[in-house]
Each structure stands twice: as C-alpha cells, then as structure tokens.
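Note sheet for the following structure.
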Protein chains: 2
Amino acid sequence: MANPTIYDVARAAGVATSTVSRVFGKPGRIADATRDRVLQAARELGYEPNPHARALTSQRTQTIAMIVSDITNPHFFELIRGAEMRAKAAAYTLVLVNAEESTRMELEQVRRLTRSVDGFLLAASRQPDDKLADLAAARPVVLINRRVEGVASVVLEPWEGSRQIVAHLASLGHTSLVYLAGPTNSWMAASRWTALRDAAAELGVRAVRTGPYTPTVSSGGAAADAAIGTGATAIVAHNDLLAIGVLRRLADRSVRVPEDVSVVGFDDIFAADLCTPTLTTLGGAHSDVGRAAVEILVESLGQPRSSTPSPQIVLPSQLVLRASTGTAPAGERTTQR
Amino acid sequence: MANPTIYDVARAAGVATSTVSRVFGKPGRIADATRDRVLQAARELGYEPNPHARALTSQRTQTIAMIVSDITNPHFFELIRGAEMRAKAAAYTLVLVNAEESTRMELEQVRRLTRSVDGFLLAASRQPDDKLADLAAARPVVLINRRVEGVASVVLEPWEGSRQIVAHLASLGHTSLVYLAGPTNSWMAASRWTALRDAAAELGVRAVRTGPYTPTVSSGGAAADAAIGTGATAIVAHNDLLAIGVLRRLADRSVRVPEDVSVVGFDDIFAADLCTPTLTTLGGAHSDVGRAAVEILVESLGQPRSSTPSPQIVLPSQLVLRASTGTAPAGERTTQR
DNA sequence: ATGAAAGCGCTAACAC
DNA sequence: GTGTTAGCGCTTTCAT
C-alpha cells in the first residue's frame with residue numbers, strides 16, 4: 001500500500017481508528033494486548049503517521065525554528081550544532097533560517113513559520129527589545145545571546161568575561177585599550193562594551209570605542225587602522241573574525257603583535273588557534289548554548305503556556321590566553337604596584 | 001480573531017472559500033477585483049495560511065530536508081549556507097539534520113521526515129550506492145558531493161582538481177606522494193584517490209595511500225607520522241582539517257613545511273588561509289554546490305515525478321596555491337626534463 | 001479500555 | 001471566474 005493510514009491499520013487490527021491514534025499518541029491509555037496487535041498491523045503495513053494531519057488537529061508540530069542573524073559567522077555554527085543535536089534527541093525537527101542581518105527578514109520568517117513550528121530560537125536577534133517581547137508574548141521563544149526582560153534566554157556570560165580581559169591586559173601593563181564595536185543593534189556588542197568600560201574604569205585603564213564594524217575579516221583592515229589611530233596599546237575586537245582581520249592588517253603594516261600592540265577577540269572560533277599569532281579570546285561552550293536553548297524551549301512547550309517563569313540562563317565563558325597578548329610596550333608602560 | 005481561516009476571510013470578502021484558496025494558491029485564475037477584495041479582507045483579519053492543512057490535501061509542504069553526514073566539518077557550513085539561501089529564495093523551508101557519520105541515523109531520519117518534506121538533499125552521504133538508488137526511487141533526492149548512477153547530484157569536481165595537485169607537485173620536483181585517505185565509505189575520498197593515483201602514474205610520480213583517517217585536526221597527528229614513515233616528499237590530505245592536523249604535528253616534530261615536505265589539502269576552508277604555513281588546497285565555491293542542489297531539487301519538484309532525467313552537475317574546483325607546497329628537498333629531487 | 005463521529009483548515013474536482 | 005462539496009489523515013470529545 002502506498003500510504004497506509006490509521007484506517008488501514010485499524011481495519012487490519014480489528015479496532016477503531018481512535019485506538020490506533022492512542023497507541024501512537026498516548027501509549028499509556030491502552031491495553032497491552034490491543035497495543036501489540038495494533039503495532040503489529042502497523043509494522044506489516046509499513047504505516048507512518050502523517051505529521052501534517054497530526055499537526056492540523058493537535059496544534060503540535062514537533063518542529064522548532066532557529067533563526068540566526070548571520071549564518072556566515074562560524075561562531076553560529078557551534079550554536080546550530082548544539083541545537084540540532086538536542087532537538088534530534090528530543091525528537092524535534094530543526095528548521096534553520098538565516099536572517100542575513102536583516103530585522104525585516106527576521107520578522108517575516110517568524111510570521112511565515114509561526115503556524116508550522118512549535119517555537120522559535122532567535123540567535124543574536126537584531127530586533128529591538130519591545131519587538132522581541134511582543135514576539136515572545138505571542139509564541140514560545142527562546143533568545144540566544146540576547147537578553148530581554150521577561151523573555152526566556154540563554155547567553156554566554158559576557159560581563160565577567162570582559163572584566164577578565166581588561167584585568168588580563170592591565171596585569172600586562174596596558175593602560176589603554178580600544179574596543180572595536182560590533183553592530184549597533186547587537187546586544188552582545190553593547191554588553192561587552194559596557195562591561196569593558198566599567199572594568200577599565202575600575203582598573204585605571206583608559207578605554208575608548210570605535211566602530212561599529214561589520215564583524216568580518218575584511219572589516220578588520222579599517223578597524224585596525226582606526227585602532228592604531230587611537231594610540232591604545234591593546235585592541236579588543238568585537239569578535240574573532242574582526243580580530244583576525246585586524247591581525248592581518250597589522251602584519252601588513254609591520255605592527256608587531258604582541259610587542260607593539262596586543263589583540264583580543266571574542267568567541268574562540270576554530271581559526272583563533274590557527275592564525276598568526278594565535279589569538280587570545282573569550283571563548284566558551286557555544287554548542288552548550290544551543291543545546292540549553294532547545295532544552296528550555298522544549299520544556300516550556302510541555303507546560304501550559306504562560307505558566308513558565310521565562311528562565312534566563314547564563315553559561316560561563318572563559319578567557320583563552322594565546323600569543324596575541326603580551327606586556328605593554330615599554331614607552332607606554334606604567335609602573336605596576 | 002486568534003486564528004482566522006479561509007472561512008473567515010471568505011465571509012468577510014463575500015466569496016466562497018475556494019476563491020480565497022485560489023487567491024493564495026494560484027493567483028492567475030482570479031479576477032483582479034475579487035482578488036483585491038480577498039487580499040484586503042485577509043489583511044484586515046491577519047490571516048495566514050495554515051501550512052499543515054495545505055500540505056494535508058495538496059501533498060506539498062514547501063519544505064526540503066538537508067541531511068549532512070557531519071555538521072562538525074566547517075566545509076559543510078558553506079554547503080548549508082548556499083542551500084539555505086536558495087531555499088529561502090524559492091520560498092522553501094530548510095530542515096537541517098546531522099547524521100553524525102551514521103548510516104543508520106541517515107536512513108532513520110529520511111524515513112521520519114519523508115511525509116513532512118517534499119524532497120531531500122543528502123550531503124556526502126555514507127550510504128552504499130544501491131541504498132541511495134532505492135531512496136531516490138521512492139522520493140525526490142539530490143546528492144551533494146556524491147555520485148550514483150541514475151540519481152540527481154551536484155559535486156565539486158574532484159578528478160581534474162586532483163590531477164592538478166599532482167601536476168603542481170611534479171612541477172616542483174616531487175617524485176613521490178602519500179594520500180591520507182578519508183572515511184572508507186566516502187565517495188569523495190575514493191574519487192580523489194583514484195584521480196591522484198592515475199595522474200601520478202601518468203606523470204611518473206610514485207603514489208601511496210594510508211589511512212583511513214577521520215577527517216579531523218586531531219587525526220592529523222597519527223596521519224602525519226604515517227606519512228613521514230612512507231618517505232614521500234609530498235602529503236595530500238583528504239581534507240583541510242586533516243591537513244591542518246598534519247601541519248601541527250610536523251611543526252612539533254620539527255619537520256619543515258615546505259622545505260622538508262609539502263602538504264596539500266582539500267576544501268579550502270576558511271582556516272586554510274590562516275594556519276602556518278598557509279595551506280595549498282583544492283577549493284571551489286561550496287556554497288554554489290548547496291545552491292545548485294536546491295535548485296535542481298526544487299525544479300524536479302515542479303515536474304511530474306520520474307519525467308526528469310536526473311541531472312548530474314559538476315561544479316569547478318580550483319587549486320589554491322599557498323605556502324605549504326614548495327620544491328622537493330634536494331636529496332630526493334630528480335632531474336627535470 | 002475502546003468505539004463513533006465531529007471536526008482541524010485547506011485543496012481540488014466538478015458544476016455553473 | 002466563482003461556488004459547492006467531498007475529502008486529506010489525524011485527534012478528541014463523548015459515549016459505552
């Protein structure tokens with residue numbers, strides 16, 4: 001038979017269609033003998049439940065959508081990977097959408113997919129806070145690397161991590177740093193800068209910001225030039241891609257790293273350990289972020305809507321010291337206490 | 001209204017439900033005035049078509065599944081990216097599944113998703129040929145970087161590319177090379193080796209193969225040791241990840257690249273241009289491969305099944321020369337004609 | 001514990 | 001060009 005339905009199975013097993021439905025839907029509520037008979041018939045006919053018919057009545061699709069702001073960034077890769085693994089484990093299907101840094105497209109895709117998925121993972125969303133609150137009020141949403149009051153989220157710790165970067169630089173004798181900012185509507189960019197600035201103030205380091213820059217290798221050139229222009233001895237780039245671009249430009253300009261200037265990135269992407277010099281960066285278990293996001297989304301789908309308290313999860317980040325940071329150049333160096 | 005249906009729209013616009021359905025389904029067949037009226041009503045009510053109800057009757061889901069054999073490999077990233085972009089452009093939703101190098105899981109996921117998607121993209125499938133032919137006979141399938149008789153596919157040219165690698169090495173005076181093989185059930189691994197071997201024979205280069213190796217950086221250590229053991233002056237690794245692992249191990253063993261030995265990879269991943277030395281590799285437009293695969297899949301979905309001639313597309317690869325290849329060490333060098 | 005039957009929202013003949 | 005109507009395959013009351 002081409003596409004056997006519960007009717008075929010019901011007939012073959014000599015039961016009602018509702019019984020077949022129950023066998024597949026809520027296994028507890030059926031007598032063992034009947035269940036075995038149904039399962040047997042189903043197997044013989046090669047029956048597979050039709051997810052659309054199921055979704056039509058039950059309103060549950062066993063599918064979640066992950067919308068990433070920029071699939072080009074390898075950092076998202078880990079996020080996606082973690083999410084995919086956890087989704088598969090929970091028997092959910094993962095739909096992947098790239099918003100290409102466009103807030104409009106992000107919204108449009110959420111709208112388009114609203115009926116086809118049970119919930120959304122919004123990774124590094126570029127929407128304003130109120131928009132996200134609206135979206136989350138209307139459907140299950142978990143934000144990734146973005147935090148908004150009252151909306152569930154999972155973020156990789158940016159505050160203490162940024163603090164550690166500044167402390168690390170300060171301990172190497174740096175008295176000034178420049179932050180190469182990421183996109184203006186990036187929550188992470190804002191969080192990092194705030195934390196860097198505060199930590200710098202505390203530790204007596206001068207901190208300035210330039211940008212915003214598109215977080216890509218190719219933007220690193222202009223960013224590096226601007227950074228050098230500030231006279232700072234340490235450059236903290238919004239992410240590793242940008243940092244690697246900076247490294248390249250500095251090499252072209254014969255600025256030595258870390259002798260003349262130190263460079264720090266964020267994310268600890270695969271390439272951070274391969275570039276020359278290897279890059280000091282704030283990393284963390286990105287795939288765990290994706291995993292955790294799926295976890296709390298799926299969990300919230302089980303509960304009656306709105307009864308959930310919107311968990312805000314923070315996963316630890318971790319400063320990875322490599323060769324791109326070193327003691328501040330002597331001329332600029334201040335006496336350490 | 002919470003979830004307006006075509007009934008609500010029909011009532012508001014004063015038409016039949018079928019008219020509403022047509023407006024959204026086949027825009028041509030309706031009078032302009034009626035269409036505008038329906039669209040207007042739909043907008044006012046905030047109507048969104050329910051994809052499941054649509055799929056249930058029409059048998060079309062506007063969704064395609066992409067199953068990748070190993071999402072960890074950054075090379076797949078580009079494939080996914082190209083596929084996602086093209087799918088979105090064609091108003092298709094992309095479901096992403098990682099098979100984690102497991103043939104069983106690959107099959108299982110295809111089965112599970114068969115009813116929910118219109119077709120499959122199988123990237124670097126690890127299934128045997130006959131299994132793939134079976135799968136493709138039962139549903140629309142496009143293979144990516146895998147070729148099987150009678151099944152539609154898109155591959156990045158491996159033969160002429162491998163040939164160019166050998167020619168490049170030969171022109172540098174190398175007379176022997178070792179290929180560090182990828183997974184045994186990888187079609188690409190087989191194709192590359194065959195092409196390398198044939199080209200080597202033609203050009204008077206001795207070629208041996210070791211392995212198989214898991215194509216990861218961490219496998220590169222053992223692979224490098226084995227390669228050195230063969231005495232070959234040129235190492236061709238199954239992919240860039242493995243090649244980078246080899247580079248690391250050689251550096252640890254103080255084997256100079258390219259002075260003592262040359263190293264070549266495949267894929268031209270982002271990191272190939274960042275490692276030390278930078279890696280000579282056979283690249284190509286991977287995202288175009290993903291794009292093309294979606295294209296022919298979507299196209300075949302338009303046609304009546306089986307009327308399509310299963311296109312086998314080959315996209316050009318391209319040898320990217322970097323610093324990891326150089327003239328063969330003098331001792332081993334043969335006189336050039 | 002199981003059956004009967006009414007939809008879920010939409011499409012696709014088939015009429016007119 | 002538009003309306004009528006019968007399902008698509010399943011879940012879910014409501015009975016029994």
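The sequence lines fix the lettering, A, B, ..., with proteins before strands; numbering per chain opens at 1.
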Task: Pair B:Ser69, B:Glu101: side-chain N/O donor-acceptor within cut-off below 3.5 Å - done: no
Open item on the list: Given D:dT11, C:dA4, C:dG9, identify the nucleotide with an atom nearest to the side chain of B:Thr57.
Closed with: C:dG9
Open item on the list: On the nucleotide D:dT12, are OP1 or OP2 found under 4.0 Å from the side-chain N or O atoms that A:Ser18 carries?
Closed with: no
Task: Donor-acceptor pair (no angle test) under 3.5 Å: B:Ser58 side chain, C:dA12 base - done: no
Open item on the list: Tell me whether the side-chain N or O atoms of B:Arg115 pair up with the base of D:dG9 as donor and acceptor below 3.5 Å, since no angle test is needed here.
Closed with: no
Task: For DNA chain C, the residues among residues 31-42 of chain A that have a non-hydrogen atom under 4.0 Å from it - done: A:Ala31, A:Thr34
Open item on the list: For the residue pair B:Arg35 / B:Thr19, report whether a side-chain donor-acceptor contact shorter than 3.5 Å exists.
Closed with: no
- [ ] For B:Leu56 and for A:Gly25, find the nucleotide of DNA chain D with the closest heavy atom, then tell me which residue's nucleotide is more 5'.
- [x] B:Leu56
Open item on the list: Between A:Arg111 and B:Glu48 (salt bridge meaning N to carboxylate O under 4.0 Å), is one present in this structure?
Closed with: yes
TODO: Ignoring hydrogens and angles, tell me if any N or O in the side chain of A:Asp118 forms a donor-acceptor pair with the backbone of A:Gln62 under 3.5 Å.
DONE: yes
TODO: Figure out the NE2/P separation between A:His52 and C:dT11, and round it to whole Å.
DONE: 13 Å
- [ ] Starting from C1' on C:dC8, measure out to CG on B:Asn3 and report it in whole angstrom.
- [x] 11 Å
Open item on the list: Without decimals, in angstroms, what is the distance between A:Leu45 CG and D:dG9 P?
Closed with: 14 Å
Open item on the list: Looking only at the side chain of A:Ser21 (C-beta and beyond, no hydrogens), which of the listed nucleotides D:dC10, D:dT11, D:dG3 gets closest?
Closed with: D:dT11
Open item on the list: Measure CZ/B:Arg22 against P/C:dA15 and give the value in whole Å, please.
Closed with: 14 Å
TODO: Assign each of B:Val20 and A:Ile30 to its nearest nucleotide of DNA chain C by heavy atoms, then name whichever residue's nucleotide is nearer the 5' end.
DONE: A:Ile30
Task: Residues B:Glu108 and B:Arg112 bridged, charged N to O under 4.0 Å - done: no
- [ ] Specify the separation, in whole Å, of atom CZ of A:Arg54 and atom C1' of C:dC10.
- [x] 20 Å
Task: Residues A:Glu295, A:Arg291: salt bridge by 4.0 Å N-O rule - done: no
Task: Candidate nucleotides D:dG9, C:dC10, C:dA4, ranked by approach to the side chain of A:Ala16 - the nearest - done: C:dA4
Open item on the list: Taking donor-acceptor contacts at under 3.5 Å, does the side chain of A:Tyr7 reach the base of D:dC10?
Closed with: yes
TODO: Quickly work out the B:Glu48 CD to C:dC10 P distance and round it to whole Å.
DONE: 10 Å
TODO: Take atom CG of A:Asn50 and atom P of C:dC8, then tell me their distance rounded to the nearest Å.
DONE: 18 Å
- [ ] For the residue pair B:Ser125 and B:Glu106, confirm or rule out a side-chain donor-acceptor distance under 3.5 Å.
- [x] yes
- [ ] Return the value, rounded to whole Å, for the distance between atom CD1 of B:Ile6 and atom P of D:dG3.
- [x] 12 Å
Open item on the list: D:dT12, OP1 or OP2 - any side-chain N/O from A:Lys26 closer than 4.0 Å?
Closed with: yes
- [ ] Among B:Arg146, B:Gln127, B:Arg126, find the one that has a side-chain contact (heavy atoms from CB on, under 4.5 Å) with B:Trp187.
- [x] B:Arg146
Open item on the list: Classify B:Phe24 by what it touches in the nucleic acid, base, sugar-phosphate, or nothing, heavy-atom distance under 4.0 Å.
Closed with: nothing
